[in-house]
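These notes are about the structure you will find just below.
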Amino acid sequence: MTTPRFIQLYQHNAFAVAQELLQGLSAPQAFTSPKYLYDALGSRLFEAITELPEYDLTRTEAQLMRLHSADMALRLPKGACWIDLGAGNCEKAGRLLGPLQAGRYVAVDISVDFVRQALDSLQRQHPGLAMTGLGTDFSGGLDLPDALGLDPAQPRVLFYPGSSIGNFTPDQALGFLQSLHRACGTGLGSGLLIGVDLLKDAAELEAAYDDALGVTAAFDLNLLLHINRLVGSNFVVRDWRHLSRFNAKQSRVEMHLQARHAVRVQWPGGERLFAAGETIHTENACKWTVPNFEALMRSAGFAQTRAWTDPAQRFAVLWAMAS
Ligand code: AVI
């Protein structure tokens, strides 16, 4: 049996992280990058979100992957190197590697520690498949290191499920997709398999990001505790409430944390006074239509897209060839 190889590129730079966060918190409309929602507790809360009745993205996507895997097998290259972006527990790709006859598997996440266990157990199910864990921050674009030793002739399947693309603004999404297009390399038949949540009724969308049990509220508010650890600030969770608002003009759900009353937040070397009702914008979840997303993929250099959607058109899985 081959054993997985691990390559850790991302190194936490406490100073740079604090600078980025404080810059956002000091802006007229305070904001933070959604990546800070995922400390250990935040990741667990997100997993709980995927089980909520109001949040059907994950279930609908899994159903689409199951229903259409035979059609996908006809269109996607065989023997390809699968590059799984934000792999985590490797569950989603793990279900497809066999049926879609993958030739290699690369699990990418910010830290190889997140994928280590999953990759070890996946390796037992696919003893002959070469597997690599890559720890890199790809939120600003994907750059595949030479250390991976990728074969330029082997086709690549870039796998980006879960509608994480929705957490980018359209401009950011275009830049990100362009980086994925470059990462497809020159192997014949390479492409991108991606999950995208579709535009739907505003009330339904707001509920998906503000569930009755308050799990999403806890996920959002937990960010404050994470920020306190990262920058040494003194946010008090009870001073804030979670909001989910559908912004129709921008076709996105916005998550905000709103000050319940005037709040003074201090950190080493600075502070900010938030007026009652003022917010910190913590996440965008852009919602696409299939034609709009296909046009975005074409602008990023992809061709020949194929979309699979559920009958209610709530979610789409798209395959796009790099050339
Ligand atoms: C990870 N990402 C696709 C989720 C989403 O739907 O935007 C994050 C999330 N935020 C609140 N609920 C789920």
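Read the numbers this way: they start at 1 and go in the same order the structure lists the ligands and their atoms. The shown structure was predicted, so the numbers you read here are calculated from the model rather than taken from an experiment.
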Point to revise | Residue among Q29, Q258, R245 satisfying side-chain hydrogen bond (donor to acceptor under 3.5 Å, both in side chains) with T279 | key: Q29
Review point. Looking at L148, L85, V115, L119, which one forms a side chain to side chain contact (heavy atoms under 4.5 Å, CB included) with V106?
Key: L148
Practice item. Would you kindly say whether T305 and E294 are connected by a side-chain donor-acceptor distance under 3.5 Å? Key: yes
Ligand 1: which protein N/O atoms lie under 3.5 Å from its N/O atoms?
residue	atom	partner	partner atom	Å
ligand 1	2 (N)	N167	OD1	3.0
ligand 1	6 (O)	Y55	OH	2.5
ligand 1	6 (O)	Y209	OH	2.5
ligand 1	7 (O)	N167	ND2	2.9
ligand 1	7 (O)	Y209	OH	3.4
ligand 1	10 (N)	E283	OE1	2.7
ligand 1	10 (N)	E283	OE2	3.4

**Study point:** Any residue meeting ring pair (Phe, Tyr, Trp, His ring centres under 6.0 Å) with F176, in chain and number order, not counting sequence neighbours
**Key:** Y160, F168
Check your understanding: Parallel, tilted or perpendicular: which describes the rings of F302 and H181, with under 30° parallel and over 60° perpendicular?
Key -> perpendicular
Check your understanding: With a cut-off of under 6.0 Å to the ring centre and 45° to the axis, is R264 in cation-pi contact with F274?
Key -> no
